[in-house]
Amino acid sequence: MTIGFILNGEDVVVRTEADTRLIDILRGNFGLLGSKAGCILGICGSCSVIFNGAVAQSCLIPAFKIRSSEIVTIEGFIQNDEYQDIMIGFSRAAVVSCGFCDTGKILTTEALLSRNSRPGREEILAAFSGIRCRCTDPESLAAGVMEAAEIRRRRLYGRTS
Ligand code: FES
Ligand code: FES
């Protein structure tokens with residue numbers, strides 16, 4: 001089947017089978033390797049993308065569901081100021097990374113901050129329930145997200161209150 005969708009801000013078309021996984025389309029058809037194939041079971045979060053505004057696991061999305069959707073991968077997201085907010089916030093909170101699930105952590109943070117500019121600890125931990133990270137403890141991660149939120153508020157509004 002032929003499927004059209006928006007990928008990192010551009011209209012694209014792909015010919016594929018209806019049940020091909022989105023992660024395989026991203027990596028195989030578009031050479032976007034930032035979404036990594038970890039568990040392929042929807043557990044680890046290493047394959048995350050932003051799918052129609054929400055973070056989603058691309059290993060669980062079959063091709064037929066992406067028609068007319070809008071998808072942002074980590075390769076598209078790193079072009080934005082929002083990416084820098086998150087990286088600086090993570091750095092200030094000493095969020096440790098081996099690289100395996102960075103994509104999931106970064107895009108989960110973005111999806112959360114795009115709907116709540118001041119998330120609390122419990123909301124952050126709930127948002128990260130779909131990420132299995134062996135490198136970062138949950139408290140450091142929550143601190144990193146709150147730092148990123150403050151950086152973004154300061155960048156956008158010039159104040160943190
Ligand atoms: S590879 Fe998709 S959640 Fe693990
Ligand atoms: S960054 Fe190493 S497992 Fe998450």
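Read the numbers this way: they start at 1 and go in the same order the structure lists the ligands and their atoms. Values below: all heavy atoms of this structure, side chains included; hydrogens, waters and symmetry mates excluded.
- Within ligand 1, counting atoms from 1 as listed, the ones closer than 4.0 Å to a heavy atom of Ile40 are 1 (S), 4 (Fe).
- Within the 2.8 Å limit, Cys47 places no N, O or S atom next to atom 4 (Fe) of ligand 1.
- Across all their heavy atoms, Arg15 and Asn29 have their closest contact at O-ND2, 4.2 Å.
- Listed by number with element, the atoms of ligand 1 under 4.0 Å from a non-hydrogen atom of Ile43 are 3 (S).
- Arg27 places a side-chain N or O within 3.5 Å of a backbone atom of Ser35 that can act as its donor or acceptor partner.
- The side chain to side chain contact (heavy atoms under 4.5 Å, CB included) test applied to Ala18 returns Met1, Phe64, not counting sequence neighbours.
- Using a distance-only test at 3.5 Å, with no hydrogens or angles considered, a donor-acceptor pair links the side chain of Glu75 to the main chain of Gly34.
- Shortest non-hydrogen contact noted between Asp85 and Arg152 is OD2-NE, 2.9 Å.
- Ala54 meets the side chain to side chain contact (heavy atoms under 4.5 Å, CB included) test with no other residue; sequence neighbours excluded.
- Smallest separation of non-hydrogen atoms from Gly42 and Cys59: N-SG, 3.5 Å.
- Annotation for ligand 1: atoms under 4.0 Å from non-hydrogen atoms of Cys59 are 1 (S), 2 (Fe), 3 (S).
- Protein contacts to atom 4 (Fe) of ligand 2 involving N, O or S atoms at a distance below 2.8 Å are Cys101 SG, Cys133 SG.
- An angle of 100° is found at atom 4 (Fe) of ligand 1 between Cys39 atom SG and Cys44 atom SG, rounded to 10°.
- Within the listing of ligand 1, atoms 1 (S) sit less than 4.0 angstrom from a heavy atom of Gly38.
- Taking both residues in full, the closest heavy atoms of Cys39 and Cys44 are given as SG-N, 3.4 Å, listed atom of the first, atom of the second, then distance.
- Listed by number with element, the atoms of ligand 1 under 4.0 angstrom from any heavy atom of Gly42 are 3 (S).
- As a member of the Ile/Leu/Val/Met/Phe/Trp/Tyr network built from side-chain separations under 4.5 Å, Ile74 groups with Ile50, Val55, Val72, Phe77, Ile78, Tyr83, Ile86, Met87, Phe90, Val95, Ile106, Leu107, Leu112, Leu113, Ile124, Phe128, Ile131, Leu141, Val145, Met146.
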